[in-house]
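Notes to accompany the following structure.
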Amino acid sequence: MPAANLQDMSYPDRRTSLLIHAALTRSGCDAATIGRVHQYLADAGAVPMLTRLRRHCGYIFAHSLKTTKLVVHVARDMSVDGSEHAVLFVGALLHDIGKLAVPTSLLNATRRLRKTEIDAIRSHSEIGYDSLSDTRIIGWNAVLDVIRHHHERLDGSGYPFGLTAPDISWRTRCVTVCDVFSALIESRPYRPAMNRDEASAMLSQMVAAGKIDGDIVNALRRWRPE
């Protein structure tokens, strides 16, 4: 990441960029791809949004970094063409950006939520899409696809559109699996973290039910924390 780019940023945005850079570097991401990720984020004006997310709800920002690190592993394990990497990783980083519009009282709630409150949280995929849909960058439609559809399920049981397998891209399937696994192994205000075996068993149940991609789950199982 060029030093000049950092110098042009406010301190909060500079810190956000450095956290992203560190997460990608620790995941073994190559320098060229890391540079393209930063360029995508800069061109889209997305770093200030991620800074706001970090301040709005720290665990959601940390979750986005963890999800991205898992996606890096899957892409490497499944020998995904390097030309796909930057777009895929940016989609993972931004998949929950719509939660900026969700009150922290809901994100941090420990009680059972009402249907209207669940609907408010679920709206984040459409809000995130809308907030970045005017961006005009080559490859950006693939990022928007991930943001909008990462809660879709292969059997049509997901949201917001109830898409089925033929209409869900591999990129989105990848982020979906890593998003679910990352969430399960993290502590949340409303539940403790699962261990890897418990989370893996839940993914297996979702594969058996036809909800998520089994090949991606198998690749993810080969991940070992650094």
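Numbers here simply count residues along the sequence, with the first being 1.
Of the possible polar contacts, one joining the S133 side chain to the D130 backbone as a donor-acceptor pair under 3.5 Å is found. Checked by atom type and distance alone, the side chain of E198 pairs as donor or acceptor with a backbone atom of N195 at under 3.5 Å. No donor-acceptor distance shorter than 3.5 angstrom exists from the side chain of S182 to the backbone of D179, with no hydrogens or angles considered.
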Residue pair H85, R36: steps toward the side chain to side chain donor-acceptor pair (under 3.5 Å) verdict: CA-CA 9 Å; H85 287 183; R36 286 192 289 272; over 6 Å; no

Apply side chain to side chain contact (heavy atoms under 4.5 Å, CB included) to the pair W170 and L88, showing each step before the final yes or no. CA-CA 10 Å; W170 186 88; L88 177 61; 3.9 Å; yes

Tell me, with the steps shown, if V37 and L93 meet side chain to side chain contact (heavy atoms under 4.5 Å, CB included). CA-CA 10 Å; V37 167; L93 283 167; 3.9 Å; yes

Can you list the steps and then say if D43 with W140 is a side chain to side chain contact (heavy atoms under 4.5 Å, CB included)? CA-CA 10 Å; D43 290 347; W140 196 254; over 6 Å; no

Pair S105, E117 - check side chain to side chain contact (heavy atoms under 4.5 Å, CB included), show working. CA-CA 10 Å; S105 60; E117 293 172 326; over 6 Å; no

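Heavy-atom minimum distance, L107 versus K99: CD1-O, 3.9 Å. Nearest heavy-atom pair across A219 and H73 is O-NE2, 2.9 Å. Scanning all heavy atoms of the two residues, the minimum distance from G91 to V146 falls at O-CG1, 3.6 Å. The heavy-atom pair separating A92 from V71 by the smallest distance is CB-CG2, 4.0 Å. Between A199 and I185 the shortest heavy-atom distance is CB-CG2, 3.7 Å. The minimum heavy-atom distance between I212 and R153, with the atom names listed, is CG2-CD, 4.2 Å.
Residues M202 and V180 share a hydrophobic cluster, clusters being chains of Ile/Leu/Val/Met/Phe/Trp/Tyr side chains in contact below 4.5 Å. I168 and L220 end up in different hydrophobic clusters when Ile, Leu, Val, Met, Phe, Trp and Tyr side chains are linked at under 4.5 Å. Under the 4.5 Å side-chain heavy-atom criterion for Ile, Leu, Val, Met, Phe, Trp and Tyr, V177 and L154 are members of distinct hydrophobic clusters. Two different hydrophobic clusters hold I118 and F161 under the rule that ILVMFWY side chains link at heavy-atom gaps under 4.5 Å.
Here CG of L163 is found 11.0 Å from OG of S157. Values are rounded to the nearest 0.5 Å. Atom CD1 of I127 sits about 12.5 Å away from atom CG of L132, to the nearest 0.5 Å. From D13, atom CG reaches atom CZ of R52 across 10.5 Å, with rounding to the nearest 0.5 Å. Note that the CG atom of L50 and the CG atom of L65 stand 8.5 Å from one another [nearest 0.5 Å]. The distance from the CG atom of L94 to the OG1 atom of T67 is 12.0 Å, given to the nearest 0.5 Å. Between the CD atom in Q205 and the OG atom in S200 there is a gap of 10.5 Å [rounded to 0.5 Å].
Evaluation of the side chain to side chain contact (heavy atoms under 4.5 Å, CB included) rule for S125 yields H150, Y159, P160 as partners, not counting sequence neighbours. Scored by the salt bridge (charged side-chain N to carboxylate O under 4.0 Å, His left out) test, D119 finds K115 as partners (sequence neighbours excluded).
Shown here is R111, whose CZ atom has more than 12 heavy atoms of other residues, nucleotides or ligands within 6.0 Å. Heavy-atom neighbours of R55 CZ from other residues, nucleotides or ligands within 6.0 Å: at or below the threshold of 12. At most 12 non-hydrogen atoms from other residues, nucleotides or ligands lie less than 6.0 angstrom from CZ of R15.
Residues F89 and T33 form a side-chain contact, since some pair of their non-hydrogen atoms from C-beta on lies under 4.5 Å apart. Annotation: side chain of S17 is in contact with side chain of M9 (closest heavy-atom distance under 4.5 Å). Considering only heavy atoms from C-beta on, V74 stays 4.5 Å or farther from W223 through its side chain. At a threshold of 4.5 Å between non-hydrogen side-chain atoms, the residues C57 and F61 do not count as touching. Using a 4.5 Å heavy-atom threshold, the side chains of I20 and H38 count as touching. Between V217 and F181, every side-chain heavy-atom pair lies at or beyond the 4.5 Å cut-off. Residues L19 and R54 are in side-chain contact: their nearest non-hydrogen atoms beyond the backbone lie under 4.5 Å apart. At a threshold of 4.5 Å between non-hydrogen side-chain atoms, the residues H149 and Y129 do not count as touching.
For the 3.5 Å distance criterion, the side chains of D96 and S64 fail to qualify, holding no donor opposite an acceptor.
A centroid separation of 6.0 Å or more is found between the aromatic rings of H95 and H151.
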